[in-house]
Asker: 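Could you have a look at this structure, given as structure tokens, before my questions?
Counting starts at 1 for both ligands and their atoms, in listed order. Values reported hereafter were calculated over all heavy atoms of this structure, with side chains retained and with hydrogens, waters and symmetry mates removed. Source: prediction; values computed, not measured. For the single chain, residues carry numbers from 1 onward in sequence order.
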Amino acid sequence: MNFATTLFSVFFFIASVLSQGVRLSSPTDGQTVSPGQQIVVSVTRPPTLSSSEEVAVVLGLTTCSTSTGCPAPTDGLAHVLYNGPYSPAYPDPNPAHLQPHQNFTVAIPADMQQGKAVLSVSHFALLGAALIPWTQFANVTVDVQ
Ligand SMILES: *[C@@H]1O[C@H](CO)[C@@H](O)[C@H](O)[C@H]1NC(C)=O
Ligand SMILES: *[C@@H]1O[C@H](CO)[C@@H](O)[C@H](O)[C@H]1NC(C)=O
């Protein structure tokens, strides 16, 4: 590989990394949820031209501390709401022009502590023609009442 090719691959890799990230479209930041309640968690992956292969997502719900704030997913998830395959798709029909996503109906644990909690998605994918393993995180804060 010559320098230009290497540079191009690095650029392509960074560009693909930036465009492959998932986000949580539902619940929304600050939404109120109750222990035991069933909620829809919508994980959206914006469409992209670069190649990637989806592997899995883990949805976690972690109580935030009043002193140290909301923990990062890498500090531990406390409650795993979903752990399994991720296959985002366009809804069919798609009158609202939604981006590719997958909805997961999950239950807020009955013993979930009241107060602020962070709902996180840990996303695992393989990027580019070389299928480079990649993890990415996104989150929203919910109010458990
Ligand atoms: C949640 O996501 C925001 C960006 O959307 C980030 O700034 C923040 O650090 C994340 N919080 C946690 C606890 O991961
Ligand atoms: C997924 O959930 C979102 C938010 O509740 C909703 O707008 C969307 O239509 C749902 N998608 C499908 C395919 O049911």
Asker: Would you indicate whether the side-chain heavy atoms of Pro35 and Val144 approach each other to under 4.5 Å?
Answerer: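 Yes, side chains in contact.
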Asker: Atom 2 (O) of ligand 1: which of Asn139, Val118, Thr141 has the nearest heavy atom?
Answerer: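 It is Asn139 whose heavy atom sits nearest to atom 2 (O) of ligand 1.
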Asker: Does one hydrophobic cluster hold both Val142 and Val118, with members joined at side-chain heavy-atom distances below 4.5 Å?
Answerer: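 Not linked; separate clusters.
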Asker: For Gln102 and ligand 2, answer yes if some heavy atom of the residue is under 4.0 Å from a ligand atom, otherwise no.
Answerer: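 False for this residue.
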Asker: Should Leu61 and Val140 be counted in the same cluster of Ile, Leu, Val, Met, Phe, Trp and Tyr side chains packed under 4.5 Å apart?
Answerer: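 The answer is yes; both residues are in one hydrophobic cluster.
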Asker: Considering distance alone, does some N or O of Asn103 sit under 3.5 Å from an N or O of ligand 2?
Answerer: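 Indeed, backbone or side chain, Asn103 has an N or O that close.
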Asker: Closer than 4.0 Å to some heavy atom of Pro71 - which atoms of ligand 1 meet that?
Answerer: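 Heavy-atom distances to Pro71 below 4.0 Å select 13 (C).
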Asker: Check whether any side-chain N or O of Tyr82 sits under 3.5 Å from a backbone N or O of Val41 as a donor-acceptor pair, and report yes or no.
Answerer: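 Such a contact is absent between Tyr82 side chain and Val41 backbone.
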Asker: Tell me which protein heavy atom sits closest to atom 7 (O) of ligand 2, plus the residue, atom name and distance to 0.1 Å.
Answerer: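 Here the closest protein heavy atom is Leu98 CD1, 4.0 Å.
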Asker: Within the structure provided, determine whether Gln99 and Ser25 are in side-chain contact (heavy-atom separation under 4.5 Å).
Answerer: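 Answer no - side chains too far apart.
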Asker: Would you say Val106 ends up clustered with Val22 if hydrophobic residues are merged whenever their side chains have heavy atoms under 4.5 Å apart, either directly or through other cluster members?
Answerer: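 Yes, Val22 and Val106 fall within the same hydrophobic cluster.
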Asker: Can you confirm whether something in the protein, heavy atoms only, sits under 4.0 Å from atom 5 (O) of ligand 1?
Answerer: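 False for atom 5 (O) of ligand 1.
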Asker: Output yes when a protein non-hydrogen atom is found under 4.0 Å of atom 11 (N) of ligand 1, and no otherwise.
Answerer: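 Within 4.0 Å: yes, protein heavy atom nearby.
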Asker: What atoms of ligand 1 come within less than 4.0 Å of a heavy atom belonging to Pro73?
Answerer: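 Going through ligand 1 atom by atom, the ones under 4.0 Å from Pro73 are 14 (O).
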Asker: How far apart are the closest heavy atoms of Met112 and Thr62, and which atoms are they?
Answerer: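 Heavy atoms of Met112 and Thr62 come nearest at CE-C, 4.4 Å.
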Asker: Checking a contact table here: which protein heavy atom is nearest atom 13 (C) of ligand 2, and how many Å away?
Answerer: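 Going atom by atom, the protein heavy atom closest to atom 13 (C) of ligand 2 ends up being His101 NE2, 3.7 Å.
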